[in-house]
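Notes follow the structure.
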Protein chains: 2
Amino acid sequence: MRGELTAKGRATRRRIVEGAAAVLRERGVASATLDDIMARTGTSKSQLFHYFPAGKDELLLAVARFEADRVLEDQQPYLGCLDSWEAWERWRDVVIERYEAQGDECPLGSLFFQVGRSTPGARAIVSELMRRWQESLAAGIRSLQATGRLPAGLDVDARSAALLAAIQGGVSILLSTGQSTHLRAALDLGITDLRRAGEAMR
Amino acid sequence: MRGELTAKGRATRRRIVEGAAAVLRERGVASATLDDIMARTGTSKSQLFHYFPAGKDELLLAVARFEADRVLEDQQPYLGCLDSWEAWERWRDVVIERYEAQGDECPLGSLFFQVGRSTPGARAIVSELMRRWQESLAAGIRSLQATGRLPAGLDVDARSAALLAAIQGGVSILLSTGQSTHLRAALDLGITDLRRAGEAMR
DNA sequence: ACTACAGTGGACTCCACAGTCCATTCCAAG
DNA sequence: CTTGGAATGGACTGTGGAGTCCACTGTAGT
């Protein structure tokens with residue numbers, strides 16, 4: 001079916017995914033219905049099932065993919081070039097700003113609980129996102145090593161894993177309490193400690 | 001109504017909450033129904049609505065409170081007496097073990113997405129949990145300061161906030177990917193960096 | 001022992017919402 | 001201009017599951 005889509009079809013499909021994403025963010029996954037999505041995207045039920053034959057779950061998964069892609073895009077160009085301490089700090093500011101703006105909606109998080117974290121499809125999307133995210137952080141650390149700002153002996157994997165966890169935790173606390181202080185503290189100390197770990201090894 | 005419960009009534013109510021918690025953990029919040037809970041707890045629908053007049057949401061909230069209490073209990077007695085570096089490491093091991101055992105079920109997390117993170121009741125429960133959790137960590141840091149293992153000048157709030165975020169992030173990555181490496185790295189480096197930050201200030 | 005109310009059983013209502021189906025329109029290729 | 005398949009409209013169905021209701025039972029207090 002995927003190859004048979006005409007230009008018009010592809011456009012409609014995109015409209016559905018983007019509109020659904022918006023609806024899900026506003027109403028929350030739990031209470032968003034196909035009718036909401038139809039209303040928002042100006043489509044009929046048959047269209048929904050035409051483009052997503054397996055129904056709601058397939059659509060939710062498509063939205064999850066869409067949202068996952070946005071996550072890293074929103075951190076660019078900073079995330080892609082963490083080659084100086086200033087770059088790290090600019091990136092940190094972008095992340096904090098982005099998630100403060102997002103407020104208490106977690107497009108991705110809610111999606112999993114609906115589809116089921118354990119669903120292979122859903123799990124693959126998050127795992128892939130986490131992998132790429134961590135890899136970007138690791139690349140940043142490595143470029144600091146390459147320019148001598150960090151010693152070569154640093155455990156890049158552990159450091160990038162911890163940083164990723166710090167972000168995730170900060171965000172999830174922001175989601176549930178509405179406070180961004182934890183995200184701030186986690187990122188600030190994460191970067192500070194990265195720096196200090198480097199100095200300690202010299 | 002709360003004060004009018006007889007001993008029998010209180011027992012039934014408890015049975016419902018505990019049984020519901022088990023069902024929710026097994027089936028996931030999204031697919032758990034009142035009928036599942038009735039079957040599991042050997043109760044009838046009228047009992048459910050007798051003890052939770054506002055229906056499913058009220059019951060879910062009660063379960064959330066129940067689960068929130070377990071979280072910190074499960075980390076005792078370690079969390080309550082973080083007065084040496086060995087104690088911190090024992091606590092870390094308990095946390096990792098607990099969440100590895102829990103696997104990919106997040107009793108609390110899923111509850112919010114169902115009830116709605118923004119619901120005042122739900123938010124209050126998590127906020128309170130986070131507050132108490134962080135306070136325990138802060139108390140641990142302070143007791144290290146008191147015995148001279150950490151300098152007095154350390155920013156206790158920021159450190160404890162970052163540690164809490166590290167845990168939350170590690171757990172949420174464990175939930176979505178099934179891997180505990182991030183939780184491990186976050187906790188290990190969190191404790192290591194705490195120690196190093198102390199040494200750097202001397 | 002009586003009585004009033006907590007506790008319990010379970011049938012019944014009601015409806016929101018996913019998913020189906022067929023009729024109709026659009027459009028590209030020949 | 002015709003024809004086949006993609007794209008669309010929208011009425012219809014089926015059902016899972018929350019919440020209601022009333023009848024019955026157990027029991028604590030007087």
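- Summarising the geometry, the separation between CG on Leu34(A) and P on dG14(D) is reported as 19 Å, rounded to the nearest angstrom.
- Remark: P of dT20(C) and NE2 of His50(A) are 15 Å apart, rounded to the nearest angstrom.
- In this entry the distance linking NZ of Lys56(A) with P of dG16(D) reads 16 Å, nearest Å.
- Neither OP1 nor OP2 of dA7(D) sits under 4.0 Å from any side-chain N or O of Gln47(A).
- A distance of 12.5 Å separates CZ of Arg131(B) from OG1 of Thr177(A), quoted to the nearest 0.5 Å.
- At whole-Å resolution of the value, CZ in Phe49(B) and C1' in dG7(C) are 16 Å apart.
- One can place CD of Glu58(A) at 15 Å from P of dA18(C), the figure rounded to the nearest angstrom.
- Here the nucleotide nearest the side chain of Asp35(B), chosen from dG7(C), dA7(D), dG17(D), is dG17(D).
- Listed nucleotides: dG7(C), dA18(C), dG19(D). Nearest to the side chain of Tyr51(B): dG7(C).
- No hydrogens or angles were tested; on distance alone, a donor-acceptor pair under 3.5 Å links the side chain of Lys45(B) to the base of dA18(D).
- Contact between Arg40(A) and Gly19(A) at its shortest, heavy atoms only, is CG-O, 4.0 Å.
- Trp88(B) contributes a side-chain N or O that, together with a main-chain N or O of Leu82(B), makes up a donor-acceptor pair within less than 3.5 Å.
- Checked by distance alone, Ser46(B) brings a side-chain donor or acceptor within 3.5 Å of a matching partner on the base of dG9(C).
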Next on the checklist: Run Gln168(A) and Ser172(B) through side chain to side chain donor-acceptor pair (under 3.5 Å) and show every step you take.
Outcome noted: CA-CA 7 Å; Gln168(A) 298 308 309; Ser172(B) 84; 4.7 Å; no
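- Within the nucleic acid shown, Ser44(B) comes within 4.0 Å of at least one base atom, counting heavy atoms only.
- Nucleotide dT8(D) holds its C1' atom 17 Å from the CZ atom of Arg13(A), rounded to whole Å.
- Rounded to a whole Å, the CD1 atom of Ile16(B) is 11 Å from the P atom of dG7(C).
- Listed by first and then second residue, the salt bridge (Lys or Arg N to Asp or Glu O under 4.0 Å) pairs involving residues 73-86 of chain B are Asp74(B)-Arg98(B) (not counting sequence neighbours).
- OP1 or OP2 of dT8(D) lies within a sub-4.0 Å distance of a side-chain N or O belonging to Thr12(A).
- Atom pair Leu5(A):CG and dA6(D):P shows a separation of 10 Å (rounding to whole Å applied).
- OP1 and OP2 of dA7(D) both lie 4.0 Å or more from every side-chain N or O belonging to Lys8(A).
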